[in-house]
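For reference, the structure is listed below as structure tokens.
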Amino acid sequence: MNGTVLPVQFLDTRVLPPADRYDLWLEIVASSAPALISSPHAARFDAHARSIELGGLRVTDFTYPSLTMTRTPKLIRQVDPEMYQLALTRVGNGTVSQQRQEALVRPSEFTLLDNSRPFVACHDAPPGELLNTVTVNIPHAALPVPPAKVAALLGTSMCGSTGVGGLLAPFLRRIAAHPEQFTDADASQLGGITVDLVSAMLLQQIGAESALPPETRHHALRHRVDTYIADNLHDPELGPRSIAAAHHISLRTLHRLFAGEDATVAELVRRRRLERCRDDLADPLMRARPVQAIGVRWGFADKAHFSRLFRAAYGLSPQAYREQNGDQPSP
């Protein structure tokens, strides 16, 4: 990997004596947007967090005990970061309320708060467990959604398993869980994708996707298409027509998404299928699976066609590649 990995900041209260853990959490977590925080576990506040900066945005994976957080007008006057916080709940329940709106906090759902407005957030961990959320802090000025439209979603919940939310949730989880897979040079691009997906999800909630800037709509749609291709490589019918139909766009619009790339949509599908086949052929755990079965697994129904394409891409037949690379990681 070229470049250094994304810089990550860690917080772990468990490195301190139990009596000091809660104060450390309050000092660090509430420093950017002070809040009144109470917890029945203050005497032994076992918590940890991992934060990644993405070009002005911050993605954080929080694990912590039950607590209640209140942001008051007085605290806002003291420190106003002008920041939205979108939180994906993974473990736990509770409620959030802002702007006279209240929502249940449930696993696999997003909730949105504005740190420039008063709010109350109550988070309850399951018995014997800790809460876990992945949050993204976005400056007001960085979100290309009219503030009035954002305000309509404050203190509400949004699904993180369907629609654009179903793309955003795993994207954030992957960044939070594996920042080592990215370099510092990726930060700006990852931040841009995050803003595009967050914007698309918010406006999808109120049926106003057309309010997005054209460039943001383009990037969000491209990410949706890329994710769809990756998830459906096993389907032998996957191709430009089926991809366009699945996204309710014309073939012309689909091809325009990939204008300027070094491959057409069909070539991209074929390349990714061949990469998956190559990885399987080099995987010792897949040695017992026949070469033809690997081709079928990734959408190549015809054995001879698969062999020809693989040889053209890698200079060897699938069987020869397996024999040469089967005991070591794929390139």
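One is the number of the first residue; the rest follow in order along the sequence. Hydrogens, waters and symmetry mates play no part in the numbers below; they use all other heavy atoms, side chains included.
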Heavy-atom donor-acceptor pair, [X] side chain to [Y] backbone, under 3.5 Å:
| X | Y | result |
| --- | --- | --- |
| T194 | L190 | yes |
| E267 | T264 | yes |
| S199 | V195 | yes |
| Q99 | G155 | no |
| T60 | T135 | no |
| H247 | I243 | yes |
| D283 | D279 | no |

Fill in: Criterion side chain to side chain contact (heavy atoms under 4.5 Å, CB included) on N137 and L86, from CA distance to verdict
CA-CA 7 Å; N137 285 1; L86 185 70; over 6 Å; no

Between [Y] and [X], is there a side-chain heavy-atom distance shorter than 4.5 Å?
| X | Y | result |
| --- | --- | --- |
| L281 | M286 | no |
| V225 | L257 | yes |
| R58 | I52 | no |
| T13 | H48 | no |
| R270 | L309 | yes |
| L36 | M69 | no |
| D23 | D20 | no |

Fill in: Residue pairs involving residues 124-162 (criterion ring-ring contact (aromatic ring centres under 6.0 Å, His included); sequence neighbours excluded)
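Qualifying pairs, neighbours excluded: Y84-H140.
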
Specify the closest pair of heavy atoms between [X] and [Y], including all atoms of both residues, with the distance to one decimal.
| X | Y | answer |
| --- | --- | --- |
| R117 | A151 | NH2-CB, 4.2 Å |
| G92 | P107 | O-CD, 3.3 Å |
| V291 | P318 | CG1-CB, 3.4 Å |
| P118 | I76 | N-CD1, 3.4 Å |
| V96 | A121 | CG1-CB, 3.8 Å |
| L203 | K149 | CD2-CD, 3.7 Å |

Pairwise distance [atom1]([X]) to [atom2]([Y]) - rounded to 0.5 angstrom:
| X | Y | atom1 | atom2 | answer |
| --- | --- | --- | --- | --- |
| M83 | L143 | CE | CG | 12.0 Å |
| L26 | S39 | CG | OG | 9.0 Å |
| F110 | L88 | CZ | CG | 4.5 Å |
| L251 | R256 | CG | CZ | 11.5 Å |
| R100 | L154 | CZ | CG | 14.0 Å |
| R311 | R308 | CZ | CZ | 11.0 Å |

Practice prompt. I would like to know whether S66 and H41 meet side chain to side chain contact (heavy atoms under 4.5 Å, CB included); could you show each step before the answer?
Written response: CA-CA 7 Å; S66 300; H41 304 280; 4.2 Å; yes

Between [X] and [Y] (salt bridge meaning N to carboxylate O under 4.0 Å), is one present in this structure?
| X | Y | result |
| --- | --- | --- |
| R71 | D114 | no |
| E109 | R106 | yes |
| D280 | R297 | yes |

Item to complete: Kindly determine whether D80 and N115 satisfy side-chain hydrogen bond (donor to acceptor under 3.5 Å, both in side chains), including the steps that lead there.
Response: CA-CA 7 Å; D80 184 1; N115 279 317; over 6 Å; no

Donor-acceptor pairs under 3.5 angstrom involving side-chain atoms of residues 170-177: please list them, not counting sequence neighbours.
unit_1, atom_1, unit_2, atom_2, d
R174, NE, Q181, OE1, 3.0
R174, NH2, Q181, OE1, 3.0

Classify the ring geometry of [X] against [Y]: parallel below 30°, tilted from 30° to 60°, perpendicular beyond 60°.
| X | Y | result |
| --- | --- | --- |
| F62 | Y64 | perpendicular |
| W25 | F45 | tilted |
| F310 | Y321 | perpendicular |

Any chain of hydrophobic side-chain contacts (each under 4.5 Å) joining [X] to [Y]?
| X | Y | answer |
| --- | --- | --- |
| M158 | V91 | no |
| V136 | L131 | no |
| L113 | L75 | no |
| L16 | Y22 | yes |
| V29 | V59 | no |

Worksheet item: Are R222 and F258 in a cation-pi contact, defined as NZ or CZ under 6.0 Å from the six-membered ring centre and within 45° of the axis?
Response: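 Yes, R222 sits over the ring of F258.
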
Item to complete: Examine R276 relative to W298 and say whether NZ or CZ is less than 6.0 Å from the centre of the six-membered ring and inside a 45° cone about the ring axis.
Response: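 Yes, R276 sits over the ring of W298.
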
Item to complete: Could you check R50 against Q9 for side-chain hydrogen bond (donor to acceptor under 3.5 Å, both in side chains), going step by step and ending with a plain yes or no?
Response: CA-CA 6 Å; R50 179 172 57 244; Q9 294 181 332; over 6 Å; no

Please table the atom pairs, donor to acceptor, closer than 3.5 Å between any side-chain atom in residues 233-242 and protein atoms at least two apart or in another chain.
unit_1, atom_1, unit_2, atom_2, d
D235, OD1, E237, N, 2.9
S242, OG, E237, O, 3.2
S242, OG, G239, N, 3.0
S242, OG, G239, O, 3.0

Worksheet, complete the sentence: Residue pairs meeting side-chain hydrogen bond (donor to acceptor under 3.5 Å, both in side chains), one or both in residues 155-167, sequence neighbours left out, come to none

Response to the item:
By side chain to side chain contact (heavy atoms under 4.5 Å, CB included), S97 pairs with (sequence neighbours left out) E102, V120

Worksheet item: Would the number of heavy atoms belonging to other residues, nucleotides or ligands and lying under 6.0 Å from CD of E129 be above 12?
Response: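 For E129, atom CD is crowded (more than 12 foreign heavy atoms under 6.0 Å).
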
Practice prompt. Let me see the working for V164 and Q205 under side chain to side chain contact (heavy atoms under 4.5 Å, CB included), right down to the final yes or no.
Written response: CA-CA 9 Å; V164 180; Q205 296 297 310; over 6 Å; no

Item to complete: Sequence neighbours left out, what passes side chain to side chain donor-acceptor pair (under 3.5 Å) with Q292? Give chain and number order.
Response: none

Fill in: Pair L11-L24, side chain to side chain contact (heavy atoms under 4.5 Å, CB included): steps then yes or no
CA-CA 9 Å; L11 167 62; L24 174 65; 3.8 Å; yes

